[in-house]
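Note that the numbering runs from 1 along the sequence shown for the chain. Read the numbers this way: they start at 1 and go in the same order the structure lists the ligands and their atoms.
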Amino acid sequence: MKFSTKLPTPSKDALQHSQGLQYKIRDVIDANNGAISFRTYMKMALYEQGLGYYVAGSSKMGKSGDFITAPEISPLFSQCLANQCQQILSEIKADILELGAGSGLMAVQLLLELEKQNALPQYYYILDLSPELKQRQKETFKQLAPHLLDRIAWLEQLPTDFKGVILGNEVLDAMPVDVFTLHKDKLFEHQVIWQNEQLVEQLNPAPQALWNAVTSLKLGTMDTPYTSEINLNLQGWFKALDTCLRQGVVILIDYGYTASEYYHPDRNKGTLICHYQHHVNESPLSYTGLQDITANVDFSAVADAGDKAGFEVLGFTTQAAFLAANQLETFFMRTLEESPEKHYELAQQIRILSLPSEMGERFKVIALGKDFSNPLNGFSITDQRYRL
Ligand SMILES: C[S@@+](CC[C@H](N)C(=O)[O-])C[C@H]1O[C@@H](n2cnc3c(N)ncnc32)[C@H](O)[C@@H]1O
């Protein structure tokens, strides 16, 4: 992944599409007395109907897209996750619900593994905010596992009375965040305005809800300006998950930190970044709707929101430890026996999934249980709940 100040130039059509979305955002800015919060901007840039990054036609995940996620790197990732699901499903006879299934590759790989283990759930539900991705997920199943299509059910909203495993890989980082700057005893909200025919960021005194949330982080006084992000939607999201789940486990995988690392005084520019065709940049107001905007996840806040909604945190660890504890080596050896010529390719994949400098430690796994408290395989090597 390259960090770029100069991004590839989008096509004329893409630029027109982006301008259409910017004009729509301008109209919302006008309707809101000339300014919207960064969170509202991010929500529109990613999810505005027909125009936002995740809901319009660009290819996003994968080599030809903007960024690569673990299931796109290797099926070994999904096989390990299947191993974890199998343990839970063997204890409670239930289904799987995946949130934000992207290209659908993880769902395919995971179900193929469960099929091998004779442990297929009756249904694999998918809930995605993106109608365009839903189509792509269907195509992925048609191409790679058509015989499993009748087990897949696409949902428009969270179900009620669900029993089973809820999965979300890189979903939390795609949620809109507020951006704030703290300087001395003053707290500012980052807002987006329309000026000289373009979107511009401006700082204004933070509204009460943001002030309360940032105050609860106990950051202390910052002598130099300190910018970071916060997800004010987490508690509401977990309340919705609580209403949805009768019994089972929520497993969330993402890049992020515990609160003390996330809000470390040295991390004074926050974690917000954008991905455009595998170029990383820090210009979320550019290429609106054409590039991904993402913030790291504060896993302490996730645990806290889950706890407040009535979940029990069952485990927290690094992706490397979670995969190792879910038989990564066994799946590697099995694939190697089936296809010895893939030796180098597989070794590369394991390296990316597990090395601390790659995804191994930057990515974390958290599991939250409801009416389920048995120890989970994935946290048997290391469980770092104490760090949350
Ligand atoms: C970064 S992509 C990850 C895709 C896929 N899980 C993967 O690993 O390749 C984020 C996905 O989350 C979806 N998403 C974001 N917020 C969501 C929410 N609240 N509920 C369901 N899906 C959501 C987006 O539409 C998108 O498909």
Side-chain angles (χ1 to χ4, degrees), residues 1 39 42-78 80-81 96-110 124-140 144 154-159 162 165-177 231-241 243-245 250-256 272-276 278 280 289 291-297 302 305 319 323 352-353 359 363-365:
M1 190 76 73
R39 173 168 41 132
M42 183 167 165
K43 190 170 174 208
M44 290 188 78
L46 296 184
Y47 302 108
E48 182 64 21
Q49 216 182 1
L51 290 168
Y53 175 74
Y54 278 111
V55 291
S58 69
S59 79
K60 299 173 264 284
M61 282 82 40
K63 288 196 181 75
S64 63
D66 302 300
F67 56 89
I68 294 198
T69 57
E72 309 279 335
I73 289 165
S74 172
L76 293 168
F77 174 82
S78 312
C80 293
L81 204 50
I96 297 177
L97 161 61
E98 185 182 353
L99 305 173
S103 68
L105 207 50
M106 185 174 103
V108 167
Q109 296 163 346
L110 196 143
Y124 190 102
Y125 296 97
I126 294 181
L127 173 64
D128 207 301
L129 300 182
S130 164
E132 189 265 327
L133 283 177
K134 200 188 289 182
Q135 263 329 102
R136 189 156 153 201
Q137 291 152 13
K138 281 189 184 152
E139 287 306 316
T140 305
L144 302 176
W154 279 270
L155 304 176
E156 294 300 324
Q157 56 189 32
L158 284 172
F162 180 77
V165 187
I166 300 182
L167 300 173
N169 184 53
E170 292 206 34
V171 174
L172 290 169
D173 72 80
M175 287 186 179
V177 289
N231 180 349
L232 296 187
N233 188 35
L234 270 182
Q235 299 207 353
W237 192 64
F238 269 102
K239 273 198 194 116
L241 286 183
T243 311
C244 154
L245 187 65
V250 181
I251 301 175
L252 302 167
I253 305 154
D254 229 305
Y255 38 92
L272 196 90
I273 50 163
C274 308
H275 294 109
Y276 183 67
H278 299 278
V280 179
Q291 65 172 350
D292 184 33
I293 308 174
T294 168
N296 274 246
V297 174
V302 171
Q319 175 168 299
L323 297 182
I352 298 175
L353 292 177
M359 300 177 90
F363 279 70
K364 315 285 193 306
V365 185

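- Two residues are said to be in side-chain contact when any heavy atoms from C-beta on lie closer than 4.5 Å; Val55 and Glu132 fail this criterion.
- Between Met106 and Thr69, the closest side-chain pair of non-hydrogen atoms is not below 4.5 Å.
- Only the side chain of Thr69 comes within 4.0 Å of ligand 1, counting heavy atoms alone; its backbone N, CA, C and O stay farther away.
- We find the CG-OH distance between Leu172 and Tyr255 to be 10.5 Å, quoted to the nearest 0.5 Å.
- Summarising the contacts of atom 10 (C) of ligand 1 with Glu170, His275, Met175, the nearest heavy atom is found in Glu170.
- Each of Met44, Lys43, Met42 was scored for a side-chain contact (heavy atoms from CB on, under 4.5 Å) with Leu46, with one residue passing: Met42.
- The Leu127 neighbourhood of ligand 1 comprises atoms 21 (C), 22 (N), with distances under 4.0 Å to a heavy atom of that residue.
- Counting only non-hydrogen atoms, the option in Leu129, Asp173, Val171, Asp128 that gets closest to atom 24 (C) of ligand 1 is Asp128.
- For the pair Glu72 and ligand 1, the shortest N or O to N or O distance does not fall below 3.5 Å.
- Of the listed options Ser78, Gly100, Gly168, Gly100 places a heavy atom closest to atom 6 (N) of ligand 1.
- When each atom of ligand 1 is checked for a heavy atom of Trp237 under 4.0 Å away, the hits are 19 (N).
- When side chains are defined from C-beta on, Asp254 does not count as touching Asn296, because their heavy atoms never get closer than 4.5 Å.
- Tyr54 and Tyr47 have parallel rings, their planes meeting at less than 30° on a 0 to 90° scale where 60° marks the start of perpendicular.
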